[in-house]
Amino acid sequence: MSDPNKAAIAAEKEALNLKLPPIVHFPENIGADTPTQSKLLKYRRSKEQQKKINQLVIDGAKRNLDRTLGKRTPVLPAPDYPQTMNSEMKKKGFNYIYMKQCVESSPIVPIQQEWLDHMLRLIPESLKEGKEREELLESLINEVSSDFENSMKRYLVQSVLVKPPIKWLEDEGGPLPESPVGLDYSNPWHSSYVQARNQIFSNLYIVHPTMKTLLDLGYTTFDGIILLDFTGIRAKGPIDCESLKTDLSIEARKAEEKIMNTWYPKVINIFTKKEALEGIKPEKLDAFYSCVSTLMSNQLKDFLRKTIEEFVKLFDPKDQQRLPIFKMELTFDDDKMEFYPTFQDLEDIVLSLVERIAEALQNVQTIPSWLSGTSTPVNLDTALPEHVLHWAVNTLKAAVHRNLEGARKHYETYVEKYNWLLDGTAVENIETFQTEDHTFDEYTEYLQ
C-alpha cells in the first residue's frame with residue numbers, strides 16, 4: 001500500500017514542479033528596413049498578373065507577325081550592278097552633294113539689325129503709313145533677310161567646296177544660287193553710273209530743280225481748297241435754282257481771277273529767273289517747256305476734278321445735312337397744274353453747274369506763249385477727261401431723281417384728285433345733269 005501511495009505522491013510532486021519554456025529574445029535589428037523586408041512590402045499581386053498578361057499579348061503579337069512575314073514575298077537581293085555604274089565619278093558626286101548639304105546646314109550669322117534700320121530710314125515716312133504698307137515693309141524685310149542668308153550659304157559652298165566636273169551634279173543636287181543681276185562689281189561701274197545719271201537729268205525733266213519748285217508751288221496753292229465753297233448752301237434755306245446758278249457762276253469767276261492773279265504770276269516769276277533753264281540745252285527747250293505745260297495742266301485738272309467731286313457729294317441722299325433746298329411752286333396756268341421750275345428745268349440747271357465748273361481756267365497761257373508775247377496765245381490743255389464729266393452727270397441725274405420723288409408723288413396726288421375740276425370734266429358733268437329731269441332728292445345726292 002505504501003508503494004502505490006508513494007508513486008502517486010511522486011507524480012503529484014513532479015506535476016507541481018513543471019518548468020516553463022525558455023524566453024526567446026528577438027534580434028536587435030527586427031525593426032530595420034532590410035532588403036528582404038522591402039521586397040516583401042513592395043510586392044503587389046495585381047502588378048505581377050498585369051506583367052503576365054502583357055507578356056502573353058506580346059508573345060501573341062510576335063507569333064502573328066512571324067506568320068504574316070512568312071506569307072510575304074521574300075525580298076530580292078540587291079542587283080549586281082556593273083563596275084562602271086559604281087565608278088569613282090559617281091562616288092565623288094554623291095560625296096559632294098552630302099558635303100554641300102552639311103555646309104548649307106551650318107549656322108549662318110543673320111543680317112545685322114542696323115543694316116535693316118538704315119534701309120528703312122531711306123524710305124520716306126509717307127510710304128510707311130497704313131496697315132497694308134506696314135505688312136509690305138515686313139515682307140520686304142523678310143525677303144532681304146532670306147536673300148542675305150541664301151547669299152551667305154552660296155558663298156560658303158563656293159569658298160569651302162570645289163565642285164567636281166560632273167554633268168548630272170547640278171540636276172541632282174540643284175544649281176548653285178546665281179549672283180543677282182546688277183550687283184556685279186567685278187568691273188568698274190562708276191563711269192556707267194555717271195553716264196546714266198547724266199542721261200536722266202538731260203531727258204527726264206521732272207527731276208529738274210525748276211520742276212520741283214513748280215510742283216511745290218502747286219501743292220501750296222491748290223492743296224485743301226476747291227474752286228467753289230459749297231458749305232453754306234444748306235444754311236441759306238429754300239433758294240431759287242436760278243439764283244444758285246448765278247451765285248455759283250459769279251463765285252467761280254472770282255475764284256478764277258484770284259488764281260490767275262496769285263498763282264500764275266508766281267509761276268511766271270519762276271521762269272523769268274536765270275537759273276530756271278540751268279543745264280537745259282537750246283535744242284531741248286521745247287521738250288522742257290512741254291514738260292512744264294503738262295505739269296501745270298495736271299495740277300489745274302486735278303483742282304477742277306476735286307471741285308466737281310465735291311459738287312456731286314452735295315446731292316448725296318445719304319448726307320441730308322448738305323443737301324440744298326430748292327424753292328418750287330405748284331402753279332396753275334392755262335388750265336394746267338405743274339411745278340415751277342419743272343423737274344426737267346431743275347435737273348438741267350444742276351447739270352449746267354457741272355459744265356460751268358469744267359469751263360473754268362480754260363484760258364491759261366503756256367509759259368513759252370506768255371514769255372514770247374505772241375498775238376495768238378497758246379493755252380494749256382485743262383479740259384477735264386470725258387469719263388469724269390460722264391460720271392458726274394450720271395450720278396447727279398440719279399441723285400436729283402431720287403431727291404424729287406417726294407415732290408413728284410405730291411404732284412401726282414393733286415392731279416389725280418383735282419384735275420377733273422380743272423380740265424372741264426366737272427362742268428360738262430354738271431351741265432349734262434342739269435339738262436336731265438331729276439327730283440330734288442337726286443339733286444341733293446348728286447351734290448353730296
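Note that the structure is a prediction, hence the values are computed from the model and not measured.
- Closest heavy-atom contact between Pro324 and Leu314: CD-O, 3.7 Å.
- Looking only at side-chain heavy atoms (C-beta outward), Arg121 and His118 come within less than 4.5 Å of each other.
- Side-chain atoms of Thr272 and Leu371, non-hydrogen and from C-beta on, do get closer than 4.5 Å to each other.
- Put simply, the side chain of Asn64 gets close to the backbone of Gly60: a donor and an acceptor are under 3.5 Å apart.
- Using modelled atom types, one side-chain atom of Ser106 and one backbone atom of Val103 make a donor-acceptor pair closer than 3.5 Å.
- Residues Asp59 and Arg63 are not paired through a salt bridge, judged by the lack of any N-O separation under 4.0 Å between the basic side chain and the carboxylate.
- Across all their heavy atoms, Phe288 and Met211 have their closest contact at O-CE, 3.6 Å.
- Here salt bridge (charged side-chain N to carboxylate O under 4.0 Å, His left out) pairs that include residues 299-314, with residues two or more places apart or in two chains, are Lys301-Asp381, Asp302-Arg305, Arg305-Glu309, Glu310-Lys313, Glu310-Arg322.
- Between Glu149 and Lys153 there is a side-chain heavy-atom pair separated by less than 4.5 Å.
- Residues Leu228 and Phe311 form no side-chain contact, since every pair of their non-hydrogen atoms from C-beta on lies 4.5 Å or further apart.
- Summarising the local packing, CD of Glu257 is surrounded by more than 12 heavy atoms from other residues, nucleotides or ligands at distances under 6.0 Å.
- Ser146 contributes no side-chain N or O that, together with a main-chain N or O of Asn142, makes up a donor-acceptor pair within less than 3.5 Å.
- With a 4.5 Å cut-off on side-chain heavy atoms, Ile308 and Leu389 count as touching.
- In this structure, Glu135 places its CD atom where more than 12 heavy-atom neighbours from other residues, nucleotides or ligands lie under 6.0 Å away.
- Under the 3.5 Å distance criterion, the side-chain polar atoms of Thr307 are matched with a main-chain donor or acceptor of Leu227.
- When atom types are taken as modelled, the side chain of Asn269 and the backbone of Pro265 share no donor-acceptor pair closer than 3.5 angstrom.
- The closest side-chain heavy-atom distance from Leu396 to Trp391 is not below 4.5 Å.
- The two residues Phe271 and Val267 have their closest heavy-atom pair at CD1-O, 3.2 Å.
- You'll find the side chain of Phe303 stays beyond 4.5 Å of the side chain of Thr221, heavy atoms only.
- By the 30° and 60° cut-offs, the orientation of the rings of Phe148 relative to Trp115 is perpendicular.
- Within the 4.5 Å cutoff, no side-chain heavy atoms of Leu156 are placed close to those of Glu104.
- Take Lys62 and apply the side chain to side chain contact (heavy atoms under 4.5 Å, CB included) test, not counting sequence neighbours, and it matches Ile58.
- Judged by distance alone, with hydrogens and angles left aside, the side-chain atoms of Thr213 form a donor-acceptor pair with the main-chain N or O of Pro209 at under 3.5 Å.
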Less than 3.5 Å apart, which donor and acceptor atoms pair up between the side chains of residues 354-368 and the rest of the protein, not counting sequence neighbours?
unit_1: Gln362; atom_1: OE1; unit_2: Thr382; atom_2: OG1; d: 3.2
unit_1: Gln362; atom_1: NE2; unit_2: Ala358; atom_2: O; d: 3.1
unit_1: Gln362; atom_1: NE2; unit_2: Ala360; atom_2: O; d: 3.0
unit_1: Gln362; atom_1: NE2; unit_2: Thr382; atom_2: O; d: 3.2
unit_1: Gln362; atom_1: NE2; unit_2: Thr382; atom_2: OG1; d: 3.1
unit_1: Gln365; atom_1: NE2; unit_2: Ser369; atom_2: OG; d: 3.0
unit_1: Thr366; atom_1: OG1; unit_2: Ser369; atom_2: N; d: 3.4
unit_1: Thr366; atom_1: OG1; unit_2: Val378; atom_2: O; d: 3.3

